[in-house]
Amino acid sequence: MEDKKDKKKIFLQKVRMGFYVIMYPIFQLFVKEKDTHVLFLSDSRIDFSGNFLYVKEEIEKRNKYQITGIFKKTLKEKRSIKNMFRIVYHLAKSKYVFVDDFYPLIYPIKLKKSKQLIQLWHAMGAFKTVGYSRMGKPGGPTSYNLTHRNYTGTIVSSESIRKNYAEAFGIDIEKVHALGIPRTDIFFDQEYSVDIKEKIYSKYPTLSEKKVIMFAPTFRGNGQGSAYYDFSWVDFEELEKKFSKDYVCIIKLHPFIKNRPDYDFSNNSFYLDLTSEREINDLLFITDILITDYSSVIYEYSFFQKPIIFYVPDMEDYVSARDFYYPFEKYNYGVSATNMEELVEAISKATIDKEKIKKFNDYFCSACDGNATKRVVDYFLEGK
């Protein structure tokens with residue numbers, strides 16, 4: 001019975017993506033694939049940013065490739081007919097195709113064997129389970145699902161976690177390469193550090209006047225459609241009373257989170273809502289204490305060796321619904337808090353355990369050394 005249901009889902013997936021499944025082979029007959037054409041596809045960003053930006057800029061240095069980017073802000077945003085044909089045309093013409101997230105239209109398509117479909121996954125490390133690691137859990141895929149399975153290659157931040165991504169994407173471990181994460185190269189660039197701090201302080205002068213707390217939780221729910229955060233866990237008034245003398249607090253919510261707290265952050269000298277800022281990595285340069293939970297930002301932040309607080313009021317429920325690749329203790333290189341009293345105390349006594357940070361970074365981030373972007377382009381495009 002389950003097999004029939006699963007097969008029906010796959011059939012419906014193919015029907016929904018029927019245009020691309022039908023048109024790609026037709027375009028393939030008339031459009032010659034070019035070794036110099038590179039295509040970037042995303043349904044979760046509007047331009048070149050994140051890993052895409054760094055890989056694009058490195059490819060441009062080679063002076064022999066033609067780059068096309070086709071973007072959409074969200075999965076739900078409708079695509080024009082013109083854009084649909086544009087995708088199929090460039091998909092047929094490009095030898096190298098990069099994605100950085102879930103990209104449903106490409107999974108049912110039988111791509112040419114000569115084509116490379118490369119996943120530059122937007123998150124690094126291996127924290128909460130994703131993809132086929134969630135099989136059998138709410139919102140997880142079925143064994144017949146086509147998602148992710150046609151990648152010819154993907155990247156990870158360390159040798160230790162190749163097995164986790166192979167499982168998540170349902171691909172052979174030989175297709176998972178510990179080349180590092182391109183966007184982490186900036187953490188090793190002193191000139192970038194100076195420049196980005198100047199830009200942020202110029203745009204938001206208040207951040208240069210006090211120490212900075214950043215509150216950056218991830219979403220709850222099964223994905224974009226159901227994403228939310230339970231703001232009842234946070235007493236924003238209490239935090240302001242306790243810490244406004246010495247700190248400014250940046251609010252940086254996951255882009256999937258659509259609901260907002262009742263607390264008014266506007267015209268507030270303590271809180272600064274920067275959720276609309278696309279790249280959280282830049283904000284890490286001016287952050288003194290990070291408050292997060294199950295977000296992959298913990299990996300990027302580990303390069304700074306600064307205090308981190310894991311605010312996890314729903315740990316038991318979250319583990320039951322999503323689970324992690326490793327015990328939570330392996331991720332916790334800071335302090336954890338489960339209620340407001342513990343959170344206030346953790347902020348007041350914020351400390352750094354360099355030994356724990358090093359152990360964490362060595363396991364999850366060892367391939368990130370400032371040269372990841374070059375390695376990625378060399379490997380996939382140059383065969384080095």
Side-chain angles (χ1 to χ4, degrees), residues 34 36-75 77 79 83 86-87 89-91 93-107 111 115-125 130-131 148 150-157 165 169 175-189 192 196 224 254-256 276-284 295-297 299-300 365 367-368 370-382:
K34 298 287 186 70
T36 56
H37 281 244
V38 184
L39 176 62
F40 290 82
L41 296 171
S42 179
D43 279 350
S44 59
R45 63 181 72 241
I46 59 173
D47 55 16
F48 283 100
S49 54
N51 287 330
F52 274 7
L53 177 61
Y54 298 101
V55 171
K56 170 183 173 284
E57 290 179 345
E58 180 65 27
I59 292 173
E60 287 174 337
K61 293 178 184 177
R62 312 300 169 101
N63 293 316
K64 61 178 180 180
Y65 295 98
Q66 184 171 324
I67 298 170
T68 301
I70 302 177
F71 306 112
K72 195 157 64 77
K73 189 175 182 179
T74 66
L75 285 168
E77 184 181 310
R79 205 184 306 275
N83 231 16
R86 186 168 174 244
I87 287 173
Y89 170 77
H90 284 288
L91 190 57
K93 192 171 188 177
S94 304
K95 179 170 182 176
Y96 307 99
V97 181
F98 288 100
V99 294
D100 71 337
D101 205 335
F102 176 60
Y103 198 77
L105 74 81
I106 209 163
Y107 303 128
L111 299 171
K115 199 173 300 293
Q116 289 201 47
L117 176 60
I118 304 151
Q119 173 62 260
L120 301 176
W121 193 244
H122 59 284
M124 64 182 289
V130 297
H148 302 307
N150 56 347
Y151 301 145
T152 58
T154 189
I155 60 173
V156 290
S157 54
Y165 276 69
F169 295 148
K175 295 179 180 179
V176 182
H177 308 284
L179 301 172
I181 307 302
R183 58 190 169 77
T184 64
D185 287 351
I186 60 173
F187 302 140
F188 302 86
D189 186 337
Y192 186 91
I196 196 62
Q224 284 191 37
H254 190 283
F256 285 5
S276 60
E277 292 283 347
R278 174 64 193 174
E279 293 304 322
I280 192 173
N281 283 359
D282 288 344
L283 298 175
L284 297 180
S295 168
S296 66
V297 72
Y299 300 103
E300 288 91 337
C365 311
C368 301
N371 299 299
T373 306
K374 184 178 184 301
R375 277 198 300 272
V376 168
V377 176
D378 279 347
Y379 185 85
F380 289 113
L381 273 66
E382 307 286 346

Problem - Option from D378, N51, D185, T184 for which side-chain hydrogen bond (donor to acceptor under 3.5 Å, both in side chains) with T373 holds - result: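 For T373, the side-chain hydrogen bond (donor to acceptor under 3.5 Å, both in side chains) test succeeds with only one of D378, N51, D185, T184, which is D185.
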Minimal non-hydrogen separation, [X] against [Y], with atom names:
X: A372; Y: P182; result: CB-N, 3.9 Å
X: F48; Y: G69; result: CZ-CA, 3.7 Å
X: Y379; Y: H177; result: OH-CE1, 2.9 Å
X: V55; Y: F98; result: CG1-CZ, 4.3 Å
X: K56; Y: I67; result: O-CD1, 3.8 Å
X: I181; Y: V156; result: CD1-C, 3.9 Å

Within-4.5 Å side-chain heavy-atom neighbours: [X] and [Y]:
X: D282; Y: I186; value: yes
X: L381; Y: Y65; value: yes
X: L117; Y: I106; value: yes
X: C365; Y: E300; value: no
X: K175; Y: T154; value: no
X: I59; Y: F40; value: yes
X: I87; Y: L105; value: yes
X: K34; Y: K95; value: no

Which value, rounded to the nearest 0.5 Å, describes the distance between [X] atom [atom1] and [Y] atom [atom2]?
X: F52; Y: D100; atom1: CZ; atom2: CG; value: 4.0 Å
X: S157; Y: Y165; atom1: OG; atom2: OH; value: 6.0 Å
X: Y299; Y: C368; atom1: OH; atom2: SG; value: 11.5 Å
X: L179; Y: N371; atom1: CG; atom2: CG; value: 12.0 Å

Handout entry: Check: H37 ring centroid to Y96 ring centroid under 6.0 Å
Key =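 No: the rings miss the under 6.0 Å criterion.
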Can you check whether [Y]'s main-chain N or O pairs, donor with acceptor, with [X]'s side chain at less than 3.5 Å?
X: K115; Y: S94; result: yes
X: K72; Y: L75; result: yes
X: Y107; Y: Y103; result: yes

Exercise for the section: Classify the ring geometry between W121 and F169 as parallel (under 30°), tilted (30 to 60°) or perpendicular (over 60°). Expected result: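 Because their plane-to-plane angle is over 60°, the rings of W121 and F169 count as perpendicular.
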Practice task
State whether the number of non-hydrogen atoms from other residues, nucleotides or ligands found under 6.0 Å of F71 atom CZ is greater than 12.
Solution key: yes
Looking at [X] and [Y], does any basic side-chain N land under 4.0 Å from a carboxylate oxygen?
X: D101; Y: R45; value: no
X: E279; Y: R183; value: no
X: E57; Y: K61; value: no
X: E382; Y: R375; value: no

Handout entry: Test side chain to side chain donor-acceptor pair (under 3.5 Å) applied to Y151 and Q119, step by step
Key = CA-CA 7 Å; Y151 301 145; Q119 173 62 260; 2.8 Å; yes
Handout entry: Residue pair R79, D43: steps toward the salt bridge (charged side-chain N to carboxylate O under 4.0 Å, His left out) verdict
Key = CA-CA 10 Å; R79 205 184 306 275; D43 279 350; 3.1 Å; yes
Handout entry: Criterion side chain to side chain contact (heavy atoms under 4.5 Å, CB included) on L39 and I70, from CA distance to verdict
Key = CA-CA 8 Å; L39 176 62; I70 302 177; 4.1 Å; yes
Practice task
For I118 and V97, run side chain to side chain contact (heavy atoms under 4.5 Å, CB included): C-alpha distance rounded to whole Å, both residues' side-chain angles, the deciding distance at 0.1 Å, then the answer.
Solution key: CA-CA 6 Å; I118 304 151; V97 181; over 6 Å; no
